[in-house]
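As the structure is a prediction and not an experimental result, all values here were calculated from the model. What's counted below: heavy atoms across the whole structure, side chains too, no hydrogens, waters or symmetry copies.
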Amino acid sequence: MTTLFTSYRLGGLTLPNRTVMAPMTRVRAAAGGLATPSMATYYAQRATAGLIVSEGVQPNAIGQSNPGTPGLHTDEQVESWRPVTAAVHANGGRIFAQLMHGGRVSHPDTTGLRPVGPSAVAAVGEVFTPTGPQPAPTPRALDTAEVPEHARSYAEAARRAVDAGFDGVELHGANGYLISQFLSSNANLRTDRYGGPIAGRIRFAVEAVAATIEAVGADRTGIRLSPGGTFWGVEETEVRDLYTALLTELAPLGPAYVHLEATADEELLVALRRAWPGTLVMNPTLPMGPKQTGRDDADHWLGLGADLISFGRAFLANPDLVERLRGGLPIAPVDEATFYQGGDAGYLTYGAHQYAA
């Protein structure tokens, strides 16, 4: 019988359990997008997860969304990540880097560059900048000839990730960032081969995955998706057809997994499970919603055919989450005030001893 604690073969890795630490922005990188010793401690503390997926890492300079996020586009950044991956591996863990190109969700005050996107349509809301939140600027629409370069940026960052010791990468195709913007019917108003009907809107995602697989191998490549999600003002029409077509195009490429967020109703998500022949990671709880994923959510989705279950905020406050789930112990709540404040408080200060049953 499959349980959360049954091992699982994911590409070239054997996961000791089916828990995945979901990618979560923590904005604690050093200047220059460098990983830090605190980040090494943070991820190593959570190495009992079957798989860790890192916070979003920008694949190029213009792809940086928030201040304080790490990158994988310079030699110095690669060098800074090596102690992080080494610490996770020393503790017996496995870690993928999430590659996150912000697209239009960025600001010149953060990057020194005008953001780019599928079309000259601003995101809805305020973006973080070094001087505080500011309205999202109108991006520059990418020329057709430029689009493949940004698809390849994921592949180039993936090569650097493997060089830095990561076991693989997850392309951030969700939550209103660049891949999600191309999938969108209101952020993507293009009339060339990257826009218009479903076949055009999925093209960028497929090309980014294909380039990454060519660079580092299918076993080291996953993608995260948020079907029907409305983050940063994106809208998607024909959601079922859109994502069924995307999964159909991705299947022959054989990526290690697809990671779905619960941004659509259960019926649609189950239909996408049936449409996807490979490994499915399910995140049962809405990102930034009020609820932490628990054991009941995990068991429910394993019963519906998911292979792996990702946990977000529960892993922040519970470095020993796997042991707590296994033993039916209390899951500590997270302190939301410390999500993005920087420093080690609310980052390294959670410990198993604080929540003895």
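- When the shell of 6.0 Å around OH of Y347 is examined, it contains more than 12 heavy atoms from other residues, nucleotides or ligands.
- Looking at S38 and T36, their side chains never bring a donor and an acceptor atom within 3.5 Å of each other.
- Side-chain contact check for T221 and Y257: no donor-acceptor pair (N or O, by modelled atom type) lies under 3.5 Å.
- Side-chain contact annotation: N283 with S310, donor-acceptor N/O pair under 3.5 Å present.
- Y43 and W81 have tilted rings, their planes meeting at an angle from 30° to 60° on a 0 to 90° scale.
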Report the C-alpha distance between L269 and W301 in whole Å, list the side-chain angles of each, state the deciding distance to 0.1 Å, and finish with yes or no for side chain to side chain contact (heavy atoms under 4.5 Å, CB included).
CA-CA 10 Å; L269 295 170; W301 276 101; 3.7 Å; yes
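- Partners of D265 under the side chain to side chain donor-acceptor pair (under 3.5 Å) rule, at least two apart in sequence or in another chain, do not exist in this structure.
- Side-chain contact of Q45 with Y350: a donor-acceptor pair under 3.5 Å is absent, judged by distance alone.
- Counting only N and O atoms by type, the side chains of E170 and H259 include a donor and acceptor under 3.5 Å apart.
- Close placement of the H150 and H101 rings is indicated, their centers lying within 6.0 Å of each other.
- T69 and E55 share no side-chain donor-acceptor pair at under 3.5 Å.
- Among residues two or more places apart in sequence or in another chain, the side chain to side chain contact (heavy atoms under 4.5 Å, CB included) test is passed with P37 by none.
- Residues Y42 and R26 bring a donor and an acceptor atom of their side chains to less than 3.5 Å of each other.
- For the atom pair OG1 (T237) and CG (L183), the distance works out to 11.0 Å, reported to the nearest 0.5 Å.
- Judged purely by distance below 3.5 Å, without hydrogens or angles, the side chains of T285 and T293 pair a donor atom with an acceptor atom.
- With hydrogens and angles left out, the side-chain atoms of Q134 and E126 include no donor and acceptor closer than 3.5 Å.
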